[in-house]
Amino acid sequence: MTEHESATRRPAPAPHHAGNAEPHSVVPHSVVPQPAVPQSAMPAGAPGGPGSSVTAQPFASPPSGPVPDFALDRPRDPEWYRRAVFYEVLIRGFQDANGDGTGDIRGLTSRLDYLQWLGIDCIWLLPIYESPLRDGGYDISDFMRVLGDYGNIADFVELVEESHKRGIRVIADLVMNHTSDQHPWFQASRSEPDGPFGDFYVWSDEPDKYADARIIFVDTETSNWTFDPVRGQYYWHRFFSHQPDLNFENPNVQDAMIEVLRFWLDLGIDGFRLDAVPYLYEREGTNCENLKETHEYLKRIRAEVDKLYPDRVLLAEANQWPADVVQYFGDPETGGNECHMAFHFPLMPRIFMAVRREQRYPISEILAQTPKIPAGCQWGIFLRNHDELTLEMVTDDERDYMYTEYAKDPRMKANIGIRRRLAPLLDNDRNQLELFTALLLSLPGSPVMYYGDEIGMGDNIWLGDRDGVRTPMQWTPDRNGGFSSTDPQRLYLPPVMDPIYGYQSLNVEAQQRTPQSLLHWTRRMIEIRKRFPVFGLGAYEELTSSNPSVLAFVRDYDVASTLPMRQPDGEHVAPREHDAADRILCVNNLSRFPQPVELDLRRFIGVTPIECMGGVTFPPIGELSYLLTLPGHGFYWFQLPPAREDHDR
Ligand code: NOJ
C-alpha cells in the first residue's frame, strides 16, 4: 500500500449565582453593596436604556439548546476549566455603554451574544476593582468595590448571570500580593505604625533586606524598596513603587484576603486569576519567589474554595520555569490542592521562536522539560495578553534573538519583553496567524485568547507602558470603531486608526460579513476544538521525524486510564459522554516553505485519519511511514478513530 498523500491548505467549511450567603464583611472596612440601576434610570446610550447605541449584533447561527454545564438536570462538571476556551477582556476597552469614553460592565454584558457566538467558555476580566488606574487596575484601592467607571456590584452580578445563561463562566483577576498606595490599609499603615494596619505591609528601616530578589519592572524601578516620608521607613514592593506589597506574615492580612475571595465567590464569580502569586512572602537569603510559606497559604485558599465553592477555579499567574510552576498545582496525590490552573509562561515565547527559526526544538524541549501535572489540573496557554510578551523565561541568547526578530523598533520593547499584539508580531500574515492559533488550540492546556486577536487587531507603540496593546475593541467602521459614542478625544485611549489595522477596515462587523475572515476561521477552529474534548483532557506525545520544521504530536484521551471526575460533594461519578476516548494527530509546518514529513504511525495500523476541518478521509495507516506534505505554515488536525470504525466505513 502506498501511504502517500499530498495535501494543500483548504478553506474551512463553512444562574448559578450562589446567593446562599450575604457578602462577607472584611477587616478593616465593610462595604455597602452598590444599588442596582433600574432600566428607567439608565443613562442615555446604555444598552437597553434610552437612546441606546449598543444593540445586539445579528450573529449567524447562534448556539442553541441546553448549555451543558449550567443545565439544571445534570451535575455540573467541576473540572470544566480543563476543556474551556478562555477569553481575556479588558472591560475598559471592550464596550462603552454609557458614552463616557471608557468601557464598562454593562457594555460587556451587551456583547455577550458575540462571545457566545464566538464559542468561548469563560471570560477572564482584568481587575474590576476601585483603583487609581496607575497600573491598569492592578493597583487596587478597594477590593470590595467595582471601579466607578466600570459600573457597580449590581452590574457585575448581572454580567455573571447573563453570562451563565449563555453557558459562559466569568473569572476575574485578583491581586493578593499588593495594593495601591491609595488603599486605606496603606494609608493607615504609614500614618499609624502601632495601629491595626501597622503590620499590613513590609516595612524596614534600611533598604538592604532581601537583596537577592530581582526587580521586575526594570523600565521604571531601581529598587524593591521605597522610602515613605510619613512613616519614616522603607516599604517593600515587587512592582511599581505605588504598589506596596502586603505582609502575608500577618494573619490579619491572610484572613482579609480570604474574605475578599469569599465576597466575590458569594456574588457568583467562577474563579480568579491570582496575580503575581510567587511573591506573597519574603525570606532573607532567597530570591523571595515560590517560598514554602506561599504554597502553604495557597493550600489554605484552595481548601476554603473546595469546602464552599467546589466548581470554581484558581488560575495562577506564576511567570516561572515549569518545575517551579507545577508546585502551584500542589500535591499530585490529591489531584492538586493549590491552584487548578497555571499559565505556562515558558512555552509562549518558544512558539514565536520556533516558527521564526522554522524549527520545532524550542517547543519540543520546553514541553519535554514540563513535568506531569496532577490529575485535576490544567495549563493555561496563551500567545498574547495585556502585558508585554514577556522574555523572562528564556536564555540571554534567546532574548536577543526575540528582540532582533520581533522588536525591530526600540519602542516595541517594555521591561523584559515586547509590547505588541499578535497580528503585528506576525506581520499580519494570515498563514502564520492561523498556524499560531492552531497551536494555541491544540497544545496541551486550555487556550486563553486575548480580546481583539480573533480579528487580528493591531497595536499602537506610540502609547506609553503597555497601553499600546489595550486600545478599544474594533466593532464597526463607525465612530470610535463602535466602541463608544463619545467624542473621540474623550476616549480612555485612541483606537487604532492606521491604514492596515484601523477600525475603519478591520472590525468585527466587516469580518462577520466575510465568510473567509480570520474571525470566522477562529470561530470554526474553536468549534472543532470543543467537538473533541481530547484537546483539553488528552495526553500529549510528540512524534519525532527527520524534518525539524515539522512539529507533530498526538493528543490521546483514554477514558479508562483517567481518574473519574470528582463531584462537589467528593463523590466520584462515571465519565460522561464528552469523555469518550479519542485521539487527534496534529501536524504543524513551522516553516514558510512547503515541507514533507514521514511519520512513524505503525501503532495506529488500520486507522483511517479524518481531517477535522473538512471531514475528508485520508489514506489508511499501514506498515510504512505515513507521508504528508504541508504548505508553508500549514497544519493538519486528524481524528484517529479506532481501527474498528474504519472497517465499518
Ligand atoms: C501582573 C499583571 O499581569 C500586570 O499587568 C501588572 O502590572 C503586574 N502583575 C503588577 O500588578
Side-chain angles (χ1 to χ4, degrees), residues 88 319-322 325 343-370 379-445 447-450 452-454 456-459 461 466 468-469 501 518 522 525 542 548-553 586 588-593 595 630 632-635:
E88 178 186 359
N319 188 355
Q320 304 283 329
W321 291 102
V325 184
F343 284 114
H344 200 316
F345 276 93
L347 173 63
M348 180 273 300
R350 287 172 176 79
I351 298 176
F352 288 89
M353 242 178 318
V355 175
R356 200 47 72 94
R357 286 189 168 147
E358 308 195 353
Q359 297 209 331
R360 66 172 181 264
Y361 302 120
I363 299 176
S364 311
E365 283 163 13
I366 201 69
L367 289 177
Q369 285 169 31
T370 300
W379 289 112
I381 56 173
F382 62 102
L383 298 170
R384 288 299 298 114
N385 62 23
H386 63 289
D387 286 328
E388 68 275 22
L389 188 168
T390 168
L391 298 174
E392 280 164 312
M393 292 301 123
V394 297
T395 64
D396 291 349
D397 285 350
E398 290 170 335
R399 193 171 306 121
D400 288 346
Y401 178 79
M402 286 292 287
Y403 280 140
T404 310
E405 289 297 320
Y406 289 108
K408 297 199 191 303
D409 185 319
R411 286 197 67 87
M412 295 169 178
K413 296 184 186 173
N415 296 315
I416 303 179
I418 301 172
R419 49 188 200 139
R420 300 182 74 193
R421 263 192 181 266
L422 184 64
L425 279 166
L426 305 183
D427 302 321
N428 211 17
D429 174 13
R430 175 70 183 262
N431 288 346
Q432 284 188 70
L433 281 165
E434 292 189 2
L435 174 65
F436 273 71
T437 306
L439 288 167
L440 174 71
L441 294 173
S442 59
L443 285 168
V448 184
M449 307 179 65
Y450 186 46
D453 283 349
E454 73 273 25
M457 253 172 70
D459 52 35
I461 59 169
R466 291 150 290 171
V469 299
Y501 300 102
L518 182 65
T522 305
M525 294 299 285
E542 189 174 326
S549 290
V550 176
L551 174 71
F553 52 86
C586 302
N588 304 278
N589 177 9
L590 309 181
S591 161
R592 73 210 127 119
F593 301 115
Q595 297 285 340
L630 297 105
H633 291 141
F635 72 91

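Starting from 1, each residue takes its place in the sequence as its number.
Scanning for salt bridge (Lys or Arg N to Asp or Glu O under 4.0 Å) contacts around Arg411 gives an empty result, with sequence neighbours left out. Residues passing the side chain to side chain contact (heavy atoms under 4.5 Å, CB included) test with Ala407 are Tyr403, Met412, Lys413, Ile418, sequence neighbours excluded. The side chain to side chain contact (heavy atoms under 4.5 Å, CB included) check on Asn428 picks up Ala423, Leu433, Ile500, Tyr501, with sequence neighbours excluded. Remark: Val355 pairs with Gln432, Leu435, Phe436, Leu590, His633 by the side chain to side chain contact (heavy atoms under 4.5 Å, CB included) rule, at least two apart or across chains. Thr404 pairs by the side chain to side chain contact (heavy atoms under 4.5 Å, CB included) definition with nothing, not counting sequence neighbours. Arg350 pairs by the salt bridge (Lys or Arg N to Asp or Glu O under 4.0 Å) definition with Glu398, not counting sequence neighbours. Applying the salt bridge (Lys or Arg N to Asp or Glu O under 4.0 Å) test to Asp427 and every residue at least two apart in sequence or in another chain returns Arg356. For Arg420, there are no side-chain hydrogen bond (donor to acceptor under 3.5 Å, both in side chains) partners at least two apart in sequence or on another chain. For the ring pair (Phe, Tyr, Trp, His ring centres under 6.0 Å) test, residues two or more places apart in sequence or in another chain that qualify with Tyr406 are Phe352. Annotation: side-chain hydrogen bond (donor to acceptor under 3.5 Å, both in side chains) contacts of Asp397 (sequence neighbours excluded): none. Taking Glu365 as the reference, nothing meets the salt bridge (Lys or Arg N to Asp or Glu O under 4.0 Å) condition, with sequence neighbours excluded.
Using a 4.5 Å heavy-atom threshold, the side chains of Trp379 and Leu443 count as separate. The shortest distance between side-chain heavy atoms of Ile416 and Thr390 does not fall below 4.5 Å.
Sorted by first and then second residue, the salt bridge (charged side-chain N to carboxylate O under 4.0 Å, His left out) pairs involving residues 383-395 (not counting sequence neighbours) are Arg214-Glu392, Asp387-Arg466, Asp387-Arg470.
Aromatic ring pairs are classed by plane angle as parallel below 30°, tilted from 30° to 60° and perpendicular above 60°; the pair Phe382 and Phe345 is perpendicular.
Side-chain contact of Ser364 with Glu542: a donor-acceptor pair under 3.5 Å is present, judged by distance alone.
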